[in-house]
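Worksheet: one structure, shown below.
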2 protein chains.
Amino acid sequence: MVSTLKEILRDYRREQIVDVARRLFEERRSTDVSMDEIATEAGVARSTVYVYFSNRDELILACLQRMHALLNEAIAVAWSRDLDPVGRLRTFIRGMLERIDENPAFFRLAVTTARAAHDPTSAIGSQLALIGLDVTALLVDVITHGMETGGFRPMDPDRAANFIGIQLYGSMSIRADDPAPLPLDATADEMCDFLVGGLATR
Amino acid sequence: MVSTLKEILRDYRREQIVDVARRLFEERRSTDVSMDEIATEAGVARSTVYVYFSNRDELILACLQRMHALLNEAIAVAWSRDLDPVGRLRTFIRGMLERIDENPAFFRLAVTTARAAHDPTSAIGSQLALIGLDVTALLVDVITHGMETGGFRPMDPDRAANFIGIQLYGSMSIRADDPAPLPLDATADEMCDFLVGGLATR
DNA sequence: GATTAATCGGACGCAGTGTCCGATACCCCA
DNA sequence: TGGGGTATCGGACACTGCGTCCGATTAATC
């Protein structure tokens, strides 16, 4: 299986470059990490990078896919331990925020790139849409569960998930740009509080 | 007052270019509107643009300031006609979304640029912060009023305003990228509903 | 030791930004 | 009517980054 061995080698190389790229994106506050720098930092020639990634977008896509995998992992770990719907929601929110705190600059890059290359045929756009779908699906699960157990009022779970997803998106966008964000737990608690309790007198 | 006349002329020219830039940013889905294009479309030489704006960021800043003015205007018009706190909140949210619908591409540009030039000394960052402050101040007013009249439960108005601001930010970001957004009123109603009512059983 | 594949490194074209400067057209005033 | 000041033009320039290409070099394999 020569071809398989070659593929493994190829994947390994790709991973190597993606790791460096992720690190650089993390260190640097702005998107101006050039392909030159990534190559140099990875210890390869710039032209070699283009052997493994046809262009900058594809490299960013690979970084995104890696983040997606890590995100799923992190959330799966903390999933369904707490059976209280509000607790589940809080755990979920906290998990998302935590991931941002781990690598805010990369998240900024993802959002920026997504915005720049919004083309629906763009692979980056699709990848981000996939992540969004994952998040929404999990939220729908939490909400449906909450409605069944009576903690949440009757509503369209999809719309509610959309609403929460937007709050998460906004919060993450802002947090990723915040040099000194509020503590993780306090933020998650507060958000959960407002989401569940609403503004109105109870 | 020769100098004043000169300044008026200068302002007029600047406005002329800003108008063209705003229009181009509106028409084009991505940020790739070059200084060349803006100049050509405005019927001036590229070098002339640089007479009135020292660089691209300053031009974008001028566009932002114009948007800020329009935003204030639009919101002031619809302000305090409706005395019901929930109605005020809804009016406010609707006003913000409406402005996005009028010029989604420009909002995308603003966010993208803000992200790229996040430098705190950056004039663009400061301008966006100013807009954010305006929004927050108005929200604090709505919330405080709601708490006084008993419609809203007791809470920290600043934190609540922050929460709503994040929801708005997320919603506007996504809406600005959405080629076929949901109707304005339905979106505003739904957001208001979730914000006020919360998820929990009442 | 020869073949093959991966890598290097540098040159190239392209596009965009921002700078600079000489040429030109225009307006106002003498 | 002519001259001086000013705005504008337009194009050349340097610089940066992306993506392509290709010959040279290294290294692994048979």
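Values reported hereafter were calculated over all heavy atoms of this structure, with side chains retained and with hydrogens, waters and symmetry mates removed. Letters go in sequence order (proteins before strands), and every chain restarts at 1.
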(Q) Output the rounded distance in Å from OH (B:Y50) to P (D:dT8). (A) 16 Å
(Q) Test of understanding: with salt bridge (Lys or Arg N to Asp or Glu O under 4.0 Å), list the residues that count as partners of A:R56, not counting sequence neighbours. (A) none
**Q.** Nucleotide D:dT8, atom C1' - distance to CD of B:Q16 in whole Å
**A.** 13 Å
Q. Should the pair A:D84-A:R90 be classified as a salt bridge under the 4.0 Å nitrogen-to-oxygen rule?
A. no
Q | Salt-bridge criterion met for A:R88 and A:D141 (N-O under 4.0 Å) | A | yes
Q | Partner set under ring pair (Phe, Tyr, Trp, His ring centres under 6.0 Å) for B:F92, not counting sequence neighbours | A | none
Q: Mind calculating the distance between CE (A:M35) and C1' (D:dG17) to the nearest angstrom?
A: 11 Å
Would you list the protein and nucleotides 6-10 of chain C atom pairs, both N or O, that sit under 3.5 Å from each other?
from: C:dT7; atom 1: OP1; to: A:R13; atom 2: NE; distance (Å): 2.6
from: C:dT7; atom 1: OP1; to: A:R13; atom 2: NH2; distance (Å): 2.8
from: C:dT7; atom 1: OP1; to: A:Y52; atom 2: OH; distance (Å): 3.3
from: C:dT7; atom 1: OP2; to: A:Y52; atom 2: OH; distance (Å): 2.4
from: C:dC8; atom 1: OP1; to: A:G43; atom 2: O; distance (Å): 3.3
from: C:dC8; atom 1: OP2; to: A:A45; atom 2: N; distance (Å): 2.8
from: C:dC8; atom 1: OP2; to: A:T48; atom 2: OG1; distance (Å): 2.7
from: C:dG9; atom 1: N7; to: A:S47; atom 2: OG; distance (Å): 3.0
from: C:dG9; atom 1: O6; to: A:S47; atom 2: OG; distance (Å): 3.1

Q: Could you tell me whether B:E58 and B:R14 have a side-chain N and a carboxylate O separated by less than 4.0 Å?
A: yes
(Q) Nearest whole Å is fine: how far is D:dG17 C1' from A:I38 CD1? (A) 12 Å
Q | B:R56 CZ to D:dT16 C1', straight-line distance once rounded to whole Å | A | 15 Å
**Q.** d(CG, B:L9; C1', C:dC26) in whole Å
**A.** 13 Å
Q: Please state how far atom CZ in B:F53 lies from atom C1' in C:dT17, giving the value in whole angstrom units.
A: 16 Å
Q) When you check the gap from the basic side-chain N to the acidic O, do B:R99 and B:E102 get nearer than 4.0 Å? A) yes
